[in-house]
Structure formats: C-alpha cells, structure tokens
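Structure, as structure tokens:
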Amino acid sequence: MTQKGITLRDVAAAANVSRATAARALNSYGYVGDETALRVLEAAERLGYRANLVAQALRSGQLPIVGFVPGDIQNPFFARIAHDIEVELRKHRHNLLIASSEENIEQEKELLESLRSLSIRGFILAPTSATDSEHIVRLVRDGAPVVLIDRVVKEVHCDSVGVDNEGGAGEAVDYLVANGHKRIGLLRDESRIFTAQERLAGYRNSLQSHGIALDESLISVSRSTVEHAVEATIRLFSRRNRPTALFTVDSMMTQGALLGLRSLGLAIPNDVSLVGFDDFNLATFTDPQITVVAQPISEIGPLAAKLLLERLAGKKVAPRHTRFPTRLVIRGSVAHQR
C-alpha cells in the first residue's frame with residue numbers, strides 16, 4: 001500500500017486500537033495512555049501515515065485563514081490592498097486567501113460560496129454590484145464576519161472601509177474648472193459599481209455647482225482595464241468637438257487614457273488636460289507627471305484587517321464605517337484653458 005493510500009483506519013488497525021483512540025494519539029487531544037500513544041505513533045511511522053492537518057482544520061473551522069475577494073487583483077489599488085491586509089494578518093498568525101471576482105457578479109457569488117464551504121473564518125470583500133447583494137446579506141446574516149472595502153452596499157450591515165469618492169471626484173473637476181475648462185470628459189466604469197456611482201455624482205455635482213450643463217456625450221463608459229480604456233479614450237477624442245480636459249475614475253483607466261491620447265497624437269497638457277482618480281507609480285514617471293486624486297491606500301488595508309480580526313475575536317459592536325478623505329496631488333498634467 002502506498003503512503004498516499006494510508007488512512008487513519010489503517011494506523012488504528014496496525015496499533016490494535018480504535019480509530020478514535022488513534023485520532024486522539026496523533027492529534028494530541030483527549031486522554032490516551034502513554035503505552036498506547038507510543039504504539040499508535042510507531043504504527044503511523046512504520047506505515048508512512050501523514051495526516052492532512054490542513055484539511056482537518058478547514059473542516060473544523062480552526063485554520064486561521066481570511067478570504068479577500070477584490071474586484072480585480074490586476075488593479076494596482078487592489079494589489080496594494082491585498083499586500084497590506086496580508087502583512088497585518090500575519091502579525092496575528094492569520095493567513096490570506098485571495099480570489100478575484102474580476103468584476104463579475106456571478107463569479108463573486110460562486111467564490112463566496114466556495115470559500116464558505118472551506119470554513120474560511122472571515123471575509124474582506126469589494127462588492128462588484130451596489131444593488132445585487134442578497135448573497136452578501138445572507139453571508140452576514142449567517143454570522144460570518146465581513147468587512148466591505150472600497151465599496152459599500154446599503155443593505156449589508158457590516159463594517160466597511162472606503163474613501164470620500166464623491167468629494168474627491170468633485171475636487172478634481174473643481175480644479176479643472178478653475179483652470180478654465182468647461183468641456184470636461186469623463187472616463188468611467190460601469191454604474192453598477194459603487195465607486196463608479198459616487199465618482200460620477202462628484203463629477204456631475206461639480207459641473208452643476210459651476211453652472212456648467214452636463215453633456216452626456218462627454219462621458220465614455222469602459223471596463224476598468226487598460227485595453228478597454230484605450231478604446232474608450234480614442235472614441236471620445238475622435239469626435240470633432242472633443243473635450244479640453246479628461247477626468248478618469250481609476251488608475252487603470254488613467255493609464256489607458258495616456259496610451260489612447262498618445263495614439264491620437266494629442267499632447268498632455270497642451271492639447272488635453274488630465275486628472276486621474278488613484279495615484280499610481282507611473283504617474284510620476286511620465287512627462288509631465290499626472291495630477292491625481294490620491295487615496296490614503298496605506299491605511300485602508302490595515303484598518304480592514306484590524307476590524308475583521310476584532311470581529312473574529314468576538315467583538316460585539318454596531319457596524320463601523322470609516323470614510324477617509326482624499327487629497328488632490330497637483331503635478332503637471334493640467335494647463336490653463338484660455
């Protein structure tokens with residue numbers, strides 16, 4: 001019989017004890033006499049038995065693993081968040097399991113169901129939809145510790161960590177208007193995502209506050225990938241009466257916009273001014289450097305992990321909601337429009 005095929009039952013038979021006694025001896029719980037325990041251990045060693053301790057812990061819910069379901073792990077924002085959560089959890093002897101929804105609601109539902117079947121202790125989640133949330137409601141109702149990150153779902157009563165998306169977007173557009181821009185394009189992702197709704201609201205409210213009529217033709221919708229953002233930017237700026245400035249709602253779209261504008265031969269900021277939501281490494285390597293709405297990303301992940309760990313430790317308090325302010329980082333990608 002191969003090592004892989006050796007079971008606890010085989011060890012018990014070889015040691016002439018019950019399966020329960022063999023389990024107690026091998027896993028060091030309950031009482032087993034010294035002589036019996038030694039006989040079980042010798043039989044296990046002789047047969048080459050190796051217990052699947054991970055599987056046992058998963059089934060019993062004792063393995064200290066937290067699940068993180070981001071929108072898209074390829075997004076630098078979520079990659080940094082995952083790193084920071086993992087670092088914080090490791091301080092408390094917990095591990096992180098990452099499963100990206102790729103902004104697909106059905107995939108998100110399947111992932112959460114799979115993670116629950118593994119008896120994952122708690123969840124940090126960036127919900128794909130602001131409205132399709134019954135699966136998350138059910139998860140919280142069943143008593144699973146959950147922290148929502150970056151995005152909020154009103155019907156879900158649990159801890160959450162995010163930023164002032166509407167205020168940050170409004171500040172970006174305010175800055176463009178202050179530099180003389182009235183035809184301000186918007187490159188955004190799908191409206192079912194909470195952050196997209198808030199950043200769109202900030203864009204609209206800022207224009208309204210300055211007496212600028214909303215022009216839907218200046219809004220281009222794209223999936224939050226560099227490739228799709230390139231295409232959306234080219235569509236927006238290929239028209240005759242193109243925008244003089246562009247506001248992008250995340251770093252992936254900002255990168256796509258940079259490539260799309262370059263492919264059209266448009267220079268920043270001489271031909272087009274640009275402000276992006278989310279700072280990213282390349283923003284300071286371009287010429288000119290890109291003006292951005294920066295989030296306090298170094299604080300978001302650790303706080304989410306801390307809130308979840310407190311829930312796992314049994315803390316019973318009302319849901320806590322943290323909204324960090326954003327900060328407009330002015331660089332060289334905006335020119336004054338005469």
Side-chain angles (χ1 to χ4, degrees), residues 1-70 73 82-102 106-125 135-136 138-147 158 301-302 304-316:
M1 187 177 291
T2 64
Q3 177 177 319
K4 183 177 180 181
I6 298 298
T7 67
L8 181 61
R9 188 181 302 279
D10 298 321
V11 174
N16 196 28
V17 298
S18 69
R19 187 174 180 276
T21 297
R24 287 196 297 272
L26 291 170
N27 295 303
S28 301
Y29 69 87
Y31 173 76
V32 180
D34 291 344
E35 184 180 338
T36 301
L38 180 60
R39 195 163 72 246
V40 170
L41 292 173
E42 287 178 344
E45 181 67 24
R46 186 170 66 254
L47 295 174
Y49 172 76
R50 297 291 182 269
N52 190 341
L53 299 178
V54 172
Q56 293 174 9
L58 281 170
R59 286 194 295 271
S60 65
Q62 295 174 345
L63 196 65
I65 291 183
V66 167
F68 177 41
V69 182
I73 198 61
H83 170 271
D84 291 348
I85 291 173
E86 195 273 335
V87 168
E88 188 66 25
L89 290 175
R90 200 181 330 125
K91 295 177 186 176
H92 300 272
R93 299 182 180 277
H94 278 66
N95 300 295
L96 186 66
L97 179 60
I98 304 170
S100 177
S101 71
E102 298 179 339
E106 295 306 321
Q107 183 163 312
E108 176 182 285
K109 293 176 181 179
E110 291 174 5
L111 286 173
L112 287 175
E113 190 63 32
S114 296
L115 292 174
R116 289 190 71 185
S117 70
L118 292 174
S119 298
I120 295 297
R121 297 196 67 202
F123 302 86
I124 298 175
L125 169 67
H135 57 297
I136 308 175
R138 187 166 55 251
L139 188 67
V140 174
R141 190 171 56 229
D142 290 346
V146 176
V147 176
C158 65
K306 177 176 178 291
L307 292 176
L308 186 65
L309 287 167
E310 289 178 353
R311 293 294 183 187
L312 292 173
K315 188 165 187 175
K316 304 289 186 183

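Values below: every heavy atom of this structure, side chains too, minus hydrogens, waters and symmetry copies. What you see is a predicted model; the values in this text were computed from it and never measured.
- Atoms CD1 and CD1, from Ile65 and Ile120 in turn, are 5.0 Å apart once rounded to the nearest 0.5 Å.
- Arg39 and Glu42 are not joined by a salt bridge, as no carboxylate oxygen comes within less than 4.0 angstrom of a charged side-chain nitrogen.
- Partners of Glu310 under the salt bridge (Lys or Arg N to Asp or Glu O under 4.0 Å) rule, at least two apart in sequence or in another chain, are Lys306, Lys315, Arg320.
- Few gaps surround NE2 on His92; more than 12 heavy atoms of other groups in view lie less than 6.0 Å from it.
- Here the CG atom belonging to Leu139 is positioned 8.0 Å from the CG atom belonging to Leu125, to the nearest 0.5 angstrom.
- Under 4.0 Å is where a charged nitrogen must lie from a carboxylate oxygen, and between Glu113 and Lys109 no such pair does.
- Shortest non-hydrogen contact noted between Ala12 and Ser18 is CB-O, 3.7 Å.
- To the nearest 0.5 Å, atom CG of residue Leu97 and atom CZ of residue Arg121 are 14.5 Å apart.
- Of the inter-residue distances, the one linking Leu89 atom CG with Leu312 atom CG reads 9.0 Å to the nearest 0.5 angstrom.
- Heavy atoms from other residues, nucleotides or ligands lying under 6.0 Å from CG of Asp142 number more than 12.
- Checked by atom type and distance alone, the side chain of Asp10 pairs as donor or acceptor with a backbone atom of Thr7 at under 3.5 Å.
- Side-chain contact, Glu108 with His135: a donor N or O sits under 3.5 Å from an acceptor N or O.
- Nearest approach of Val11 to Val40, heavy atoms of both residues: CG1-O, 3.8 Å.
- Taking OG1 from Thr21 and CG from Asn16, the interatomic distance works out to 10.5 Å, rounded to the nearest 0.5 Å.
- Among all heavy-atom pairs drawn from Ala82 and Ile73, the shortest one is CB-CD1, 3.9 Å.
- At most 12 heavy atoms of other shown residues, nucleotides or ligands fall within 6.0 angstrom of atom CZ in Arg9.
- Across every non-hydrogen atom of Ala14 and Leu47, the tightest pair is CB-CD1, 3.9 Å.
- The two residues Leu8 and Ala22 make their nearest non-hydrogen contact at CD1-CB, 3.8 Å.
- Nearest heavy atom pair, residue Ala37 against residue Ala25, reads CA-CB, 4.1 Å.
- When each of Glu88, His94, Glu86 is paired with Arg90, the side chain to side chain donor-acceptor pair (under 3.5 Å) condition holds for Glu86 and for no other.
- Judged by distance alone, with hydrogens and angles left aside, the side-chain atoms of Ser100 form no donor-acceptor pair with the main-chain N or O of Val69 at under 3.5 Å.
- Annotation: the span from Ile98 atom CD1 to Ile124 atom CD1 amounts to 10.0 Å, rounded to 0.5 Å.
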